[in-house]
Amino acid sequence: MQKYIMSGFFFTACILALVLIFTLPGKEEVAKEAKPSMPEVVLDAAAAETLVKANCISCHGDQLQGGAGPNLQKIGSTLSPEEIYSLVGKGKGIMPAFKGSLKEEEIANVAQFLATKK
Ligand code: HEC
């Protein structure tokens with residue numbers, strides 16, 4: 001009887017170990033969470049333009065020609081969407097961070113929109 005209980009226990013432990021192996025996040029996933037990547041959004045140019053008008057043109061100009069901040073009319077040829085996403089989220093110099101005021105998806109949309117400007 002004791003033998004059956006022990007093997008039953010061992011079997012359960014094996015199943016549990018297998019479940020853990022497949023459900024615990026791997027190293028790559030943990031690394032991803034520490035450095036959040038840009039959420040995938042489908043570019044909505046109209047929404048992005050509205051966001052840019054409301055948040056960015058005061059410094060970057062109504063045609064993105066520049067002002068207090070640099071010209072962004074060809075920003076897509078120097079920065080990738082991910083780089084713009086990270087910069088807008090964190091801010092740079094006197095440019096404020098937009099992580100608190102805009103949703104991640106909104107920043108990602110604006111980043112993709114600006115990245116098309118080449
Ligand atoms: C308070 C003024 C201000 C506002 C508002 C502002 N920016 Fe900026 N932005 C700047 C300044 C100044 C820089 C240059 C920072 C530096 O290099 O030190 C800059 C840099 C950038 C750059 C990098 C440009 C390059 O050539 O490297 C991008 C992209 C950018 N801003 C996008 C945005 C977007 C998108 C918004 C709106 C969501 C925004 N900015 C709002 C002032 C502003």
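Whatever order the structure lists ligands and atoms in, that order sets their numbers, starting from 1. Computed from a predicted model, the values in this text were never measured in an experiment.
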Donor-acceptor contact below 3.5 Å, side chain Gln112 vs main chain Val41 = yes
query = Counting only N and O atoms by type, is there a donor-acceptor contact under 3.5 Å from the side chain of His60 to the main-chain atoms of Gln65?
reply = no
ask   = Per the side chain to side chain contact (heavy atoms under 4.5 Å, CB included) rule, which among Leu87, Ile107, Leu51 passes with Phe98?
value = Ile107
key: Derivation of the side chain to side chain contact (heavy atoms under 4.5 Å, CB included) call for Val52 and Leu64   = CA-CA 9 Å; Val52 167; Leu64 300 179; 3.8 Å; yes
What are the atom names and distances for all N or O pairs under 3.5 Å between ligand 1 and the protein?
residue, atom, partner, partner atom, Å
ligand 1, 7 (N), His60, NE2, 2.8
ligand 1, 9 (N), His60, NE2, 2.8
ligand 1, 31 (N), His60, NE2, 2.9
ligand 1, 40 (N), His60, NE2, 2.8

key: Rounded distance [0.5 Å steps], OG1 in Thr50 versus CG in Asn55   = 10.5 Å
query = Does Glu105 reach the main-chain N or O of Lys103 with its side chain, forming a donor-acceptor pair under 3.5 Å?
reply = no
